[in-house]
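Count residues from 1 along the sequence.
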Amino acid sequence: MDDEMEKPNVSDDREVALQKKHLSMLERLSKRQQTRSDNSNSESSSLESTSSFLSRFSNLKTSIESQLAQSRSISSDPPQLKPHFQKISESISDLEKLVAENSYFLPSYDVRSSLKTISDLKQSLDNLSSELIPKKKFAFKSKATKKDNKDSVIPETKQSPVPNRDSDKTIFAARDSPGFRNKAGEVLVGEFRGSEEVGEFNVSDLDSCEVRIIGCVRALFVHRLKGCKVYVGPVTGSIHIEEVEGCVFVMASHQIRIHGARTSDFYLRVRSRPIIEDSNGVRFAPYCLSYQGIEEDLRGAGLDAETGNWANVDDFLWLRAVQSPNWSILPENERIGIVDISNLKNGIEEI
C-alpha cells in the first residue's frame with residue numbers, strides 16, 4: 001500500500017508538461033504578433049512620412065508654377081522682374097532643401113522624380129528670365145582698365161549672361177548672382193557674414209585657382225573648373241557641380257549634386273546622400289574645414305552634426321546592385337588634414 005502511494009503520478013507530470021508547452025507556444029505567438037505589429041507600424045509610419053512629403057512637395061511646386069505664370073503679367077514693369085525671379089529662385093532652393101531633408105526615408109523613385117521636377121522648374125525659370133530680362137548691349141570702352149595683381153579678389157556680380165561652351169543655354173544663377181569667374185592661377189577669397197550674406201554664389205571657368213569662402217551662402221553653383229581647390233563654409237541649400245577635373249572640394253551642404261567630374265576629391269558634410277552623374281575617378285572623405293566661427297555657422301545652417309552621408313554616394317547612372325566603380329572612399333593616409341582658412345590674406349594652414 002505504501003509502495004502505491006510513493007509512485008509518481010505520471011498523469012499529473014504530463015499535464016504540467018503540456019501546460020508549460022502550451023504557455024511557451026502562447027508566448028511565441030505573442031512575440032510573433034508583436035513583431036508583426038511593430039513592422040506594420042514602421043511601414044505605416046514610413047508611408048505616412050512619404051505621403052506628407054509628397055503633399056508638401058506638390059503644394060510648393062504648385063506655388064512656384066503659379067509664380068512662373070505671373071512673370072509675363074509683370075513683364076511690363078521691368079524693375080519688378082529681377083526681384084520676382086529672385087523670389088522664385090529662393091522658392092526652388094527651398095524645394096531642394098525639402099527633398100534633401102527627407103531623402104533618407106524616401107524611395108529612390110520619389111527622390112529622382114522630385115529632382116527631375118526641380119530641374120524642370122529651374123529650366124523654366126532660366127527660359128523666362130532670358131526672354132523677359134533685356135540683355136545689355138555690348139560696347140567697347142576706350143578707357144583702359146588696370147589689372148589687379150592682388151591675391152585677394154572681391155566677388156564680382158555680372159548682369160550679362162555667361163556663355164556656356166557646350167550649349168547656348170544660360171544659367172540664371174550664373175547670370176545674376178555674385179561669384180568668381182574666368183580666372184587662372186589666382187587665390188579668390190570672400191567672406192559673407194551678417195549683412196554680407198548672399199543668396200546664390202557662382203564659381204565658374206577657373207583654372208589652377210584657389211577659392212576660399214567664409215560664412216554662409218544659400219546655394220552654390222560650380223562650373224568648369226580645372227586643377228582648383230575650393231574651400232567653402234556651410235551652404236544652407238544645395239550645391240551643384242558640373243564639369244570639373246583634377247580638383248579638391250571641401251564643402252558642407254544639405255544637398256550636393258555632381259555631374260561630369262573627373263579625378264577629383266570631395267571632403268563633404270551633407271544631410272542627404274551625395275549624387276554623382278557621368279563622373280569617374282571621384283573620391284570622398286569627411287569635411288575638414290576650419291575657420292573662426294565655423295561651428296556657429298554650421299549650427300545656423302543645420303549642419304553641425306556629422307551624418308556620415310559623405311560615404312553614402314548615389315551614382316544615378318550605375319543601376320547594378322554592386323558598388324559603382326566611378327567613386328571610392330579616399331584612403332585615410334592620402335587625405336589632407338584640417339584646413340584652416342581663418343587668415344584669408346595669407347596661405348592656408350593645414351593641421
Q: Determine, step by step, whether D94 and R218 satisfy the salt bridge (Lys or Arg N to Asp or Glu O under 4.0 Å) criterion, reporting the C-alpha distance in whole Å, the side-chain angles of both residues, the deciding distance to 0.1 Å, and the verdict.
A: CA-CA 10 Å; D94 289 338; R218 185 180 182 88; 2.4 Å; yes

**Q.** Over all atoms of both residues, closest heavy-atom pair of H84 and S71
**A.** NE2-OG, 3.0 Å

Q) Going by an N to O cut-off under 4.0 Å, is there a salt bridge joining R181 and D205? A) no

Q. Rounded to the nearest 0.5 Å, what separation is found between the OG atom of S328 and the CG atom of D265?
A. 8.5 Å

**Q.** Distance (rounded to the nearest 0.5 Å) between I294 CD1 and S342 OG
**A.** 8.5 Å

Q | Residues in salt bridge (Lys or Arg N to Asp or Glu O under 4.0 Å) contact with R299, at least two apart in sequence or another chain | A | none

Q) Looking at side-chain heavy atoms only, is the closest gap between I213 and V211 below 4.5 Å? A) yes

Q.
Could you go through N59 and S63, starting from their C-alpha distance and side-chain angles, then the distance that decides it, and tell me whether this counts as side chain to side chain contact (heavy atoms under 4.5 Å, CB included)?
A. CA-CA 6 Å; N59 290 337; S63 174; over 6 Å; no

Q. Checking side chain to side chain contact (heavy atoms under 4.5 Å, CB included) for the pair I239/Q255: CA distance, chi angles, key distance, verdict?
A. CA-CA 6 Å; I239 297 174; Q255 184 182 59; over 6 Å; no

Q. What is the minimum heavy-atom distance between L303 and V235, and which atoms define it?
A. CD1-O, 3.8 Å

Q: Walk me through it: do V232 and V250 pass the test side chain to side chain contact (heavy atoms under 4.5 Å, CB included)?
A: CA-CA 6 Å; V232 183; V250 181; over 6 Å; no

Q: Using the side chain to side chain contact (heavy atoms under 4.5 Å, CB included) rule, pick out the option among E243, K226, E245 that qualifies with R262.
A: E245

Q. Considering only heavy atoms from C-beta outward, does the side chain of F53 approach that of V99 to under 4.5 Å?
A. yes

Q.
With a 6.0 Å cut-off on the ring centroids, do F201 and F180 count as close?
A. yes

(Q) Applying salt bridge (Lys or Arg N to Asp or Glu O under 4.0 Å), can you list everything that pairs with D304, at least two apart in sequence or on another chain? (A) none

Q: Please list, chain by chain and in numerical order, all residues satisfying side-chain contact (heavy atoms from CB on, under 4.5 Å) with T307, sequence neighbours excluded.
A: R271, N309

Q. Under 4.5 Å between any side-chain heavy atoms of I276 and F316, yes or no?
A. no

Q. Do E200 and S89 have side-chain atoms, one donor and one acceptor, less than 3.5 Å apart?
A. yes

Q: Answer with yes or no after comparing the ring centroid distance for F284 and F266 against a 6.0 Å cut-off, counting only values under it.
A: yes

(Q) Checking S279 now: which residues fulfil side chain to side chain donor-acceptor pair (under 3.5 Å) with it, not counting sequence neighbours? (A) none

Q | Heavy-atom side-chain contact between S114 and F57 under 4.5 Å | A | yes

(Q) Which residues pass the salt bridge (Lys or Arg N to Asp or Glu O under 4.0 Å) test with K229, not counting sequence neighbours? (A) none

Q) Are the side chains of C288 and I336 in touch, meaning some heavy atoms are under 4.5 Å apart? A) yes

Q. Is R269 salt-bridged to E306, cutoff N-O under 4.0 Å?
A. yes

Q: State, to 0.1 Å, how close S253 and G237 come at their nearest heavy-atom pair, and which atoms those are.
A: OG-O, 3.0 Å

Q: Measure the CG-CZ distance between L188 and R212 for me, rounded to the nearest 0.5 Å.
A: 9.5 Å

Q: Decide yes or no on side chain to side chain contact (heavy atoms under 4.5 Å, CB included) for Y287 and V270, but give the supporting numbers first.
A: CA-CA 9 Å; Y287 192 57; V270 57; over 6 Å; no

Q. If every non-hydrogen atom of H254 is compared with every non-hydrogen atom of T236, which pair is closest and at what distance?
A. CD2-O, 3.0 Å

Q) Among all residues two or more places apart in sequence or in another chain, which pass the side chain to side chain donor-acceptor pair (under 3.5 Å) test with Y291? A) D297

**Q.** Counterpart residues, side chain to side chain donor-acceptor pair (under 3.5 Å), relative to E277 (two or more places apart)
**A.** R257

Q: Could you tell me which non-hydrogen atom of N182 sits nearest to which non-hydrogen atom of L206, and how far apart they are?
A: N-CD2, 4.0 Å

Q: Indicate yes or no: at least one non-hydrogen side-chain atom of L128 is less than 4.5 angstrom from one of F85.
A: yes

(Q) If the condition is side-chain contact (heavy atoms from CB on, under 4.5 Å), which residues does E334 pass it with, not counting sequence neighbours? (A) R283, L330, P331

Q. For E65, does the CD atom have more than 12 heavy-atom neighbours from other residues, nucleotides or ligands under 6.0 Å away?
A. yes

**Q.** Minimum-distance pair of heavy atoms, taken over all atoms of S204 and L225
**A.** CA-CD1, 4.1 Å

Q. Taking only residues two or more places apart in sequence or in another chain, which ones pass side-chain contact (heavy atoms from CB on, under 4.5 Å) with I329?
A. W310, A311, W327, R335

Q) Can you name the residues that form a side-chain contact (heavy atoms from CB on, under 4.5 Å) with D120, not counting sequence neighbours? A) K116

Q | L268 side chain reached by P274 side chain, heavy atoms, under 4.5 Å | A | yes

Q) What is the distance from atom CD1 of I64 to atom NZ of K61, rounded to the nearest 0.5 Å? A) 9.5 Å

Q) Of all residues at least two apart in sequence or in a different chain, which pass the side chain to side chain donor-acceptor pair (under 3.5 Å) check with T117? A) none

**Q.** Polar contact flag, side-chain donor to acceptor under 3.5 angstrom, N326-N280
**A.** no

Q: Kindly assign one of parallel, tilted or perpendicular to the pair H223 and F221, based on the angle between their ring planes and the thresholds 30° and 60°.
A: parallel

Q. Under the 3.5 angstrom rule, does the side chain of S58 hit a backbone N or O of S55 as a donor-acceptor pair?
A. no

**Q.** Any residue meeting salt bridge (Lys or Arg N to Asp or Glu O under 4.0 Å) with R273, in chain and number order, not counting sequence neighbours
**A.** D314

Q. Could you state the interatomic distance from CG (L125) to CG (L121), rounded to the nearest 0.5 Å?
A. 9.0 Å

Q.
Nearest 0.5 Å, please: how far is CD in Q67 from NZ in K87?
A. 5.5 Å

Q.
For a 4.5 angstrom cut-off between non-hydrogen side-chain atoms, does I275 reach L115?
A. yes

